[in-house]
Visitor: 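Sending over a structure as structure tokens; questions will come in a sec.
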There are 2 protein chains.
Amino acid sequence: MTHTRTRLERGRNALGPALELVHTGRAPTRAVLTTALGVTRATAGAVASELQTLGLITVDSRPGGATGSHGRPSHRLAIDPGGPVALAAQVHADGFRAALVGLGGHLHATTPACTTVAADPKEILGQVVAAGADLLRETGRHCVGAGLAVPSAVAEPEGTALNPLHLAWPAGAPVRDLFNDCLAEAGVDAPGYCGNDVNLAALAEHRHGAGQGAAHLLCVATGHRGVGGALVLDGRLHSGSAGLALEVGHLTVDPAGRPCHCGSRGCLDVETDPLALLEAAGRTPGPEGSLLDQTRELLRTEYATDPAVRGAAHAVIDRLGLGLAGLVNILNPDRIILGGLHRWLLEADPDRLRGLIEAGSLWGRSGTVPLAACTLDYNSLVGAAELAWQPVLDDPLAALPA
Amino acid sequence: MTHTRTRLERGRNALGPALELVHTGRAPTRAVLTTALGVTRATAGAVASELQTLGLITVDSRPGGATGSHGRPSHRLAIDPGGPVALAAQVHADGFRAALVGLGGHLHATTPACTTVAADPKEILGQVVAAGADLLRETGRHCVGAGLAVPSAVAEPEGTALNPLHLAWPAGAPVRDLFNDCLAEAGVDAPGYCGNDVNLAALAEHRHGAGQGAAHLLCVATGHRGVGGALVLDGRLHSGSAGLALEVGHLTVDPAGRPCHCGSRGCLDVETDPLALLEAAGRTPGPEGSLLDQTRELLRTEYATDPAVRGAAHAVIDRLGLGLAGLVNILNPDRIILGGLHRWLLEADPDRLRGLIEAGSLWGRSGTVPLAACTLDYNSLVGAAELAWQPVLDDPLAALPA
DNA sequence: CGCAGTTTGTTTATGGGAGACACAAAGCCA
DNA sequence: TGGCTTTGTGTCTCCCATAAACAAACTGCG
């Protein structure tokens, strides 16, 4: 059961990589943990039991069922469902939401979607943090940290929101500091981190969703308004030297297109977001439901029957394909995942989009560009939690006092 | 002088990082090596003397001159000028060149520029390798490996040249295999590596030139024809999942511009290369000298006096600025360096180019984008040598048999 | 049922590499 | 010349990981 004393008390070397392997589902058993870490069985055993005593994972020595192969069955490794959690928060154009997320990207609790919006960031952040703190109180969980997803580029290392256009916040709002203030006021004793929502969604998808195993993952998504991008390189989010990478919204995809608030015309931001599709289809935005939901319904119910809808979808797909081809030429990712409306467009006509990317990129002409849909629910929330989990993944012993 | 025996014979842990620090000029003395590695003085001393016995660096315990500060003077560390070399080779639209490059990016010998061109890659590679082998014979140096720079994207892991348009080679030519064949035939017993010339130039500039210290370095350059780009992230070349990243030549910078061989119009490739500047200035390419040299002369002698030349330069600068702003929005580099004609354009009017980038990028609007010129001579050759040196930098003991 | 074969977990002995520490060396400055 | 500062060197020790041997648990077969 337990190991010798001398082993249990020691350091911090392979612990982080081992926890990350379990966290991302790449080490379901102790045997594969051994080979994935490239260490001996003895070391892997010590590391696993150390993580177990930290309360982070469970080591199940009685699999019970048949293993399907020869030899002694390996111990099952899993995230401890009773372990600590991270507080995740998201604010967007239509409201906010909070959640508790454990290791492995497991959602333990979520608040219902709240539709309050306010021009004062402190006000909204106070509400979402209070909602998260309530969840913590109800569940009695230990909280390792808190993460916040915002629909804006977040400058590093300042932690300021540079272009929160769709929140009507002041540009340059110090979201990270405000978030930490709200955490302190709500009695949550944990560090707070902030990031762009699409960046965090990409991170979550890379670790737990459609991006698993990709070395260079590109994610492009449109939610309520505007278009965001993200790049995960070798497992780490590439947010640029100042946190401003992958601001893909202003790639030009139609030189004669709509004017954009950036001063140019035909930007991805205004040519491929939900409003663009509705307008191209000759529809006016309805009063209820978000624009994203309206486009989803439109594609689901009328894409097959209404030529105008189909034509509009194709036009938007064509512009999206142009933008993605440009990104592929610059980044050469080995997987592309699409979220929001872009996901529905991909699913409406995958071949059209794929063909455009392959025709428009050097790489596409020489092979197949793997294109997939985001699959995770609440991926921005899960990604926000990843920010809070990162110190634990980097060094579990240092990050957990116990 | 020498250390205790037990220390000299051991492993391979801090050796690589230490050699890289000396190689890139960031560890001029043993004291700063100690702090840069974050280890104790004892460890740094053992590592330095190990590298010395390997014949890679010199450790000078007698500085002689005044140190300018208190305390015992630290031992000087330098690349051993008598150490091994890498064979570097470059082929381009107008010919080829070979060189021997030591650690630290030191050029030990170069062949004169040769203007032979041929549609058969094997023929040219045989000639350039033979020239390099002659240099090796003349100098009697030990060769750790060979690197080749080509003006084409090089697909990894195949090692094939995907778009050697300006060499009139067949697309998909297996350059790395051909290069290794030529090395073997020339009696050079060393592994051969290949890369894109601009990528390798960026790598060289990052380690020894204008890119030193940059965490996210973007390099854009135009040589004889076309435009290339490169990105160095955290000290490693980012060449994408298949070696095809930073194919920036086909960013659209003028929707109504010249037709491009890629099928689109107004690509960076055809709007900002030397030919584009000459045409915009109303000049016809002269018979002698490369197009690059002609544009350099034009800018040097007539930019200040001829309004047509100035207007043409400004037009090209404007398009380059548009392309760079797009790249900055995607990559958010903390330094941009320009080579070839782009360098001369930057030096002709730095404020104009800088202003365009800052106006056109989210990051630029919030701060200063560091923009600089490439400074290294033969940076593609030095970068090609870096490929060959990389195994030594990663693990000196494993890479050097002695 | 028992045994060979296979794979995995556990224990013990061993060793390499880096840190802590004390001391020596080599320059400044008064 | 003697204090002060910084750096190089030797010794001891500890920590982490490995190797090797053994034990455990399952499959499949006769």
Side-chain angles (χ1 to χ4, degrees), chain A residues 1-18 27-53 57-77 395-398, chain B residues 1-18 27-53 57-77 395-398:
Chain A
M1 209 55 53
T2 64
H3 280 257
T4 53
R5 244 165 277 96
T6 52
R7 298 228 91 121
L8 272 175
E9 304 302 333
R10 71 140 156 40
R12 49 199 58 183
N13 285 336
L15 277 183
T29 70
R30 232 189 67 175
V32 317
L33 177 67
T34 302
T35 59
L37 284 177
V39 298
T40 60
R41 291 198 297 271
T43 303
V47 164
S49 94
E50 177 90 22
L51 291 175
Q52 188 182 27
T53 62
I57 71 171
T58 58
V59 181
D60 188 0
S61 52
R62 297 279 171 227
T67 63
S69 80
H70 288 232
R72 174 176 175 173
S74 187
H75 291 186
R76 294 282 176 82
L77 303 180
D395 189 340
L397 273 184
Chain B
M1 210 55 53
T2 64
H3 280 260
T4 53
R5 245 164 277 97
T6 51
R7 297 226 94 120
L8 272 175
E9 303 303 334
R10 69 140 158 40
R12 51 199 56 186
N13 284 337
L15 277 184
T29 70
R30 232 188 66 175
V32 318
L33 177 67
T34 302
T35 61
L37 285 177
V39 298
T40 59
R41 292 198 295 270
T43 303
V47 164
S49 92
E50 176 90 21
L51 291 174
Q52 188 181 27
T53 63
I57 72 171
T58 59
V59 180
D60 187 0
S61 51
R62 296 279 171 227
T67 62
S69 81
H70 290 233
R72 174 176 175 174
S74 187
H75 290 186
R76 294 282 176 82
L77 303 180
D395 190 341
L397 273 183

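Order of the sequence lines sets the chain letters (A, B, ...), proteins ahead of strands, with each chain counted from 1.
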Visitor: Give a yes/no on whether any side-chain N or O of Thr43(B) is located under 4.0 angstrom from OP1 or OP2 of dG19(C).
Guide: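 Answer is yes, contact under 4.0 Å.
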Visitor: Are Thr40(B) and dG19(C) close enough that a side-chain N or O sits under 4.0 Å from OP1 or OP2?
Guide: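 It does, given that an N or O in the side chain of Thr40(B) lies less than 4.0 Å from OP1 or OP2 of dG19(C).
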Visitor: Just how far, in rounded Å, is C1' of dT7(C) from NE2 of His70(A)?
Guide: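 Rounded to the whole Å, the gap is 10 Å.
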Visitor: Starting from C1' on dT9(D), measure out to NE2 on His75(B) and report it in whole angstrom.
Guide: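 My rounded result for the distance is 10 Å.
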Visitor: Phosphate oxygens OP1/OP2 of dT9(D): is one of them under 4.0 Å from a side-chain N or O of Arg30(B)?
Guide: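 Yes, within the criterion.
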Visitor: In Å and rounded to the nearest 0.5 Å, what is the CD to OG1 distance from Glu50(B) to Thr53(B)?
Guide: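 If we round to the nearest 0.5 Å, Glu50(B):CD and Thr53(B):OG1 are 4.5 Å apart.
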Visitor: Of the options Thr29(A), Val59(A), Thr58(A), Ile57(A), which is the one that meets Arg76(A) in a side-chain contact (heavy atoms from CB on, under 4.5 Å)?
Guide: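 That would be Thr29(A).
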Visitor: Can you measure Arg72(B) atom CZ to dT7(D) atom C1' for me and round it to whole angstrom units?
Guide: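 Roughly 5 Å, once rounded to whole Å.
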Visitor: Let me know the distance between CG of Leu37(A) and P of dC16(D), rounded to the nearest Å.
Guide: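 Going from CG in Leu37(A) over to P in dC16(D) covers 15 Å.
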Visitor: Asp60(B) CG to dG27(C) P: how many Å, rounded?
Guide: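 My rounded result for the distance is 12 Å.
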Visitor: Write down the distance between CD (Glu50(B)) and P (dG8(D)), rounded to a whole number of angstrom.
Guide: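 Between P of dG8(D) and CD of Glu50(B): 18 Å.
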Visitor: Is Ser74(B) close enough to dG8(D) that one of its side-chain N or O atoms is under 4.0 Å from OP1 or OP2 there?
Guide: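 Answer is yes, contact under 4.0 Å.
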Visitor: For a side-chain contact (heavy atoms from CB on, under 4.5 Å) check, start with the C-alpha distance between Thr43(B) and Leu37(B), then their side-chain angles and the critical distance, and finish with the verdict.
Guide: CA-CA 9 Å; Thr43(B) 303; Leu37(B) 285 177; over 6 Å; no
Visitor: Considering only side-chain heavy atoms of Ala14(B), which listed nucleotide, dT7(D), dA18(C), dA25(D), is closest?
Guide: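 The answer is dA18(C).
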Visitor: Is the phosphate of dA24(C), meaning OP1 or OP2, less than 4.0 Å from a side-chain N or O of Arg41(B)?
Guide: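 For dA24(C), OP1/OP2 do not have a side-chain N/O of Arg41(B) under 4.0 Å.
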